[in-house]
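Notes to accompany the following structure.
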Amino acid sequence: MIASRDGEAVAVHRAVNAAKSPLKYVMDPKEQYELQTSIEDAGLDLGAIYHSHTRSDPVPSQTDINLAKLGDSDQPSFPGTLYLIVGVKGAEDDLRLWSIVGNDVQQVELQVTE
């Protein structure tokens, strides 16, 4: 989870993949709650949720879209939250930022500053 202030990422909160799979990610509900509480207690917003695609381009899969629009008991949806997908199948990581609202999937400009 990436915490933000005024649309700028200010902190990264890593979560353990409870699925223990290179093909699927699941956040433990307790850990997810603790991370969200930590972000809110710091006066920040949940700016983005990030994960990697190990075997495909960093484009939202149908599973990603379904989780974003519907959620389920393990992965509630987060309206207005962006999704950063990191493609790691090539020699260099490929980062792409997405807005997923219902079936509307739009790539969003990602600006990286040091």
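Not measured: the values here are computed from a predicted model.
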When rounded to the nearest 0.5 angstrom, what is the spacing between [atom1] in [X] and [atom2] in [Y]?
{"X": "Thr81", "Y": "Ile49", "atom1": "OG1", "atom2": "CD1", "value": "5.5 Å"}
{"X": "Leu82", "Y": "Gln106", "atom1": "CG", "atom2": "CD", "value": "11.5 Å"}
{"X": "Ser4", "Y": "Leu46", "atom1": "OG", "atom2": "CG", "value": "7.5 Å"}
{"X": "Leu84", "Y": "Leu110", "atom1": "CG", "atom2": "CG", "value": "6.0 Å"}

Kindly work out whether a path of hydrophobic side-chain contacts (I/L/V/M/F/W/Y, heavy atoms less than 4.5 Å apart) joins [X] to [Y].
{"X": "Ile39", "Y": "Tyr33", "value": "no"}
{"X": "Val59", "Y": "Ile65", "value": "yes"}
{"X": "Val86", "Y": "Val108", "value": "yes"}
{"X": "Val12", "Y": "Leu95", "value": "yes"}

Worksheet item: Please walk me through it: do Arg96 and Ile85 pass side chain to side chain contact (heavy atoms under 4.5 Å, CB included)?
Response: CA-CA 6 Å; Arg96 299 185 199 176; Ile85 303 177; 5.6 Å; no

Discussion item. Going by salt bridge (Lys or Arg N to Asp or Glu O under 4.0 Å), name the pairs with one or both residues in residues 99-113, residues two or more places apart or in two chains.
Written reply: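 Of all non-adjacent pairs touching residues 99-113, none passes salt bridge (Lys or Arg N to Asp or Glu O under 4.0 Å).
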
Worksheet item: So, the side chain of Ser21 versus the backbone of Leu23: is there a donor-acceptor pair under 3.5 Å, distance only?
Response: yes

Item to complete: Could you tell me whether Lys89 and Asp57 have a side-chain N and a carboxylate O separated by less than 4.0 Å?
Response: yes

Worksheet item: Are Gln32 and Asp28 linked by a side-chain donor-acceptor pair shorter than 3.5 Å?
Response: no

Item to complete: State whether a side-chain donor-acceptor pair under 3.5 Å links Ser61 with Asp64.
Response: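 Yes, Asp64 and Ser61 have a side-chain donor paired with an acceptor closer than 3.5 Å.
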
Return the minimal non-hydrogen interatomic distance between [X] and [Y], and the atom names on each side.
{"X": "Val26", "Y": "Asn17", "value": "N-OD1, 3.1 Å"}
{"X": "Glu31", "Y": "Ala15", "value": "OE2-CA, 3.3 Å"}
{"X": "Met1", "Y": "Tyr50", "value": "N-CE2, 3.7 Å"}

Worksheet item: Which residues pass the ring pair (Phe, Tyr, Trp, His ring centres under 6.0 Å) test with His51, sequence neighbours left out?
Response: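 Here the qualifying residues are Tyr25, His53.
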
Worksheet item: salt bridge (Lys or Arg N to Asp or Glu O under 4.0 Å) with Asp93: which residues, sequence neighbours excluded?
Response: none

